[in-house]
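The basis for the numbers below is simple: all heavy atoms, side chains too, and nothing from hydrogens, waters or symmetry mates. Lettering of chains follows the sequences in order, A, B, ..., and the numbering in each one begins at 1.
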Number of protein chains: 2
Amino acid sequence: MTTTRDAAAPGLARLAGLIADETRAACLLALLDGRAWTAGELARHAGVAASTLSEHLGKLVAGGLLAEERQGRHRYVRLADARVAQLVEELAAQVAPEAARRPRTLRESTAGSAMARGRTCYDHLAGRLGIAVTDALSERGLLRQDTGFALTDAGLAWFDTAGIRLARTGRRPLARACLDWTERRPHLAGVAGAALCRHTLEAGWCVRIGSERAVKVTAAGEEALSELLGIDPATLR
Amino acid sequence: MTTTRDAAAPGLARLAGLIADETRAACLLALLDGRAWTAGELARHAGVAASTLSEHLGKLVAGGLLAEERQGRHRYVRLADARVAQLVEELAAQVAPEAARRPRTLRESTAGSAMARGRTCYDHLAGRLGIAVTDALSERGLLRQDTGFALTDAGLAWFDTAGIRLARTGRRPLARACLDWTERRPHLAGVAGAALCRHTLEAGWCVRIGSERAVKVTAAGEEALSELLGIDPATLR
DNA sequence: CGGACACTTCGGCCGGGACCGAACGGTCCG
DNA sequence: CGGACCGTTCGGTCCCGGCCGAAGTGTCCG
């Protein structure tokens, strides 16, 4: 064998192959909501037979993209970790330019506009809401976006006084940019993004709408975001 | 149709499908060196017939992953832009845990150790060299990694006094973390990473070894890196 | 304990796509 | 201008993998 083919090529192809099927891609995108779905829910979502989806889940779990948890007769799956979520986001963002076409049906349209207003992206906030928060943090000098993407010392203090604890985990960055595919601009992800999202939901600043990823800012949320970050409630509607 | 399958699923699957072939994956990894390759070079590298590779290039170009430039009877291709490079890096990094197995042949071993010492990763420095530079920037307060990944004001000044111009382009971040797949830690990428890499090559601090991505620090480079960043030359050998 | 339910396994069907060699069209050079 | 070289197109082969329905396993509940 005289070729110098890169040793990582088979692995790369195998990994991409896991995502390269429309049904599996639909599953991964659905799981971007950060929750655990049952196999049946995913089968209905993707529009394939339960037997077909079972095989897909087997491959995704074996490939390390999904984590599973069996409970009685249910098989719950979720994205394996934040790194996998980032990977799927990143790939989806690369596709977005074409996917950001105008919607076809009224249902898609209303659901789309709710998603555009505010949604979760795995474990952090996205959509106009996510952008508004990210921009507000930047304007107040709490987040530095001009030379990269990192919280400032003032930013660390802000999280502290807001009562949002940032757990310094092993590898995961405290702050990271995640490209928003509706706004086409980066929003806050990483440990801080996750903590902020969790806090907004726990404090009742936001509530989930329906069974989708979309979230809605509550009256209490509008007040809190206006007070803590100077976000004009009108931009969130 | 009663399913709620995500509208982005077909696009995501199509994009992943472009990478999901071992031959195309080998091409993308080879092109991570940032240079333009001819179709013939890639065919030899991947170990397939020229006709087969021609079809692959057609798909990769049509899919927007590669940019092509025809010169006479040659067809030069390179990664379309930094975003595509980042995508491939990120996927490869996800694979790395398995791929970081011990090499099989002596040739792989010596080539591997040169690559581990220092190499380019699209347009920035990687390997022990890339990590050493990134760490040195951090230790001197020029780069902030603890709360994200961004240059500090001192860092901007350092680039300025070192005579390395940072062109503020449209979308590309000034500094970004790129996970190093031999060191398993982030190194500097983005505009600053690219400018630094270009400068080290132009100033003769580093030279490319052979036709691969590997680079070697020169005597002048050791002196410069020691003086400007306090990097111990021993760590680069 | 029996029936409804969630998921898995299996066999069979089918389409897509990776691959090659042969023939062809451009380009460069002696 | 003829021959070497680089790349592309085409026809044909072959295998991989997604899909389904039917049958099977395990779980929950009345």
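In this structure, CG of B:L18 is placed 11 Å from P of C:dG17, rounded to the nearest angstrom. Taking atom CD of residue A:E68 and atom P of nucleotide C:dA6, one finds them 18 Å apart after rounding to whole Å. Going from atom CH2 of A:W37 over to atom P of C:dA6 covers 16 Å, rounded to whole Å. Rounded to whole Å, the distance from CD on A:E22 to C1' on C:dG16 is 14 Å. Residue A:H74 contributes atom NE2, which lies 12 Å from atom C1' of C:dA4 at whole-angstrom precision. Look at CG on B:L66: it is 14 Å from P on D:dG7, rounded to the nearest Å. Separating the CG atom of A:L53 from the P atom of C:dT8 is a distance of 9 Å, rounded to the nearest angstrom. Between B:L42 atom CG and D:dC6 atom P the separation is 14 Å, expressed in whole Å.
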Please list, one pair per line, the donor and acceptor atoms closer than 3.5 Å that link side chains of residues 57-70 of chain A to other protein atoms, with sequence neighbours excluded.
from  : atom 1 : to    : atom 2 : distance (Å)
A:E68 : OE1    : A:R75 : NE     : 2.7
A:E68 : OE1    : A:R75 : NH2    : 2.9

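Every residue two or more places apart in sequence or in another chain that forms a salt bridge (charged side-chain N to carboxylate O under 4.0 Å, His left out) with A:R185 is listed here: A:D135. Not counting sequence neighbours, B:H56 has no partner by the ring-ring contact (aromatic ring centres under 6.0 Å, His included) test. Residues that satisfy the side chain to side chain donor-acceptor pair (under 3.5 Å) test with A:E183, not counting sequence neighbours, are absent from this structure. Not a single salt bridge (charged side-chain N to carboxylate O under 4.0 Å, His left out) links B:E55 to another residue, sequence neighbours left out. By the salt bridge (charged side-chain N to carboxylate O under 4.0 Å, His left out) test, B:E41 pairs with no residue at all, sequence neighbours left out. In terms of the side chain to side chain donor-acceptor pair (under 3.5 Å) criterion, B:R78 has no residue partners (sequence neighbours excluded). Residues satisfying the side chain to side chain donor-acceptor pair (under 3.5 Å) test with B:R165, not counting sequence neighbours, are none.
Put simply, OG1 on B:T218 and CH2 on B:W205 are 9.5 Å apart, with the number rounded to the nearest 0.5 Å.
Of the side-chain N and O atoms in B:R44, none sit less than 4.0 angstrom from OP1 or OP2 of D:dC6. One finds no side-chain N or O of A:R75 lying less than 4.0 angstrom from the OP1 or OP2 phosphate oxygen of C:dA6. Side-chain nitrogen and oxygen atoms of B:R14 include none within less than 4.0 Å of the OP1 or OP2 phosphate oxygen of C:dG17.
A salt bridge is defined here as a Lys NZ or Arg NE, NH1 or NH2 lying under 4.0 Å from an Asp or Glu carboxylate O, and B:R35 with B:D33 meets this definition.
With hydrogens and angles ignored, the 3.5 Å screen pairs no side-chain donor or acceptor of B:T38 with any backbone N or O of B:Y76.
For residues 119-128 of chain B, the set of pairs meeting the side-chain hydrogen bond (donor to acceptor under 3.5 Å, both in side chains) definition, not counting sequence neighbours, comprises B:R119-B:D180, B:R119-B:T182, B:T120-B:R208, B:D123-B:R172, B:H124-B:H187.
Relative to the axis of its first five pairs, the axis of the last five pairs of the helix from C:dC1-D:dG30 to C:dG30-D:dC1 sits at 30°, rounded to 10 degrees.
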Each nucleotide in nucleotides 22-30 of chain C should get exactly one letter: B, S or -. Can you fill that in based on protein heavy atoms under 4.0 Å?
B---BBS--
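Minimum atom distance to the side chain of B:A49 is reached by C:dC20, of the listed C:dC20, C:dC7, D:dG7.
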Please list each protein N or O that sits under 3.5 Å from an N or O in nucleotides 12-18 of chain D, with the distance.
from   : atom 1 : to    : atom 2 : distance (Å)
D:dG18 : OP1    : A:R24 : NH1    : 3.3
D:dG18 : OP1    : A:R24 : NH2    : 2.9
D:dG18 : OP2    : A:K59 : NZ     : 2.3

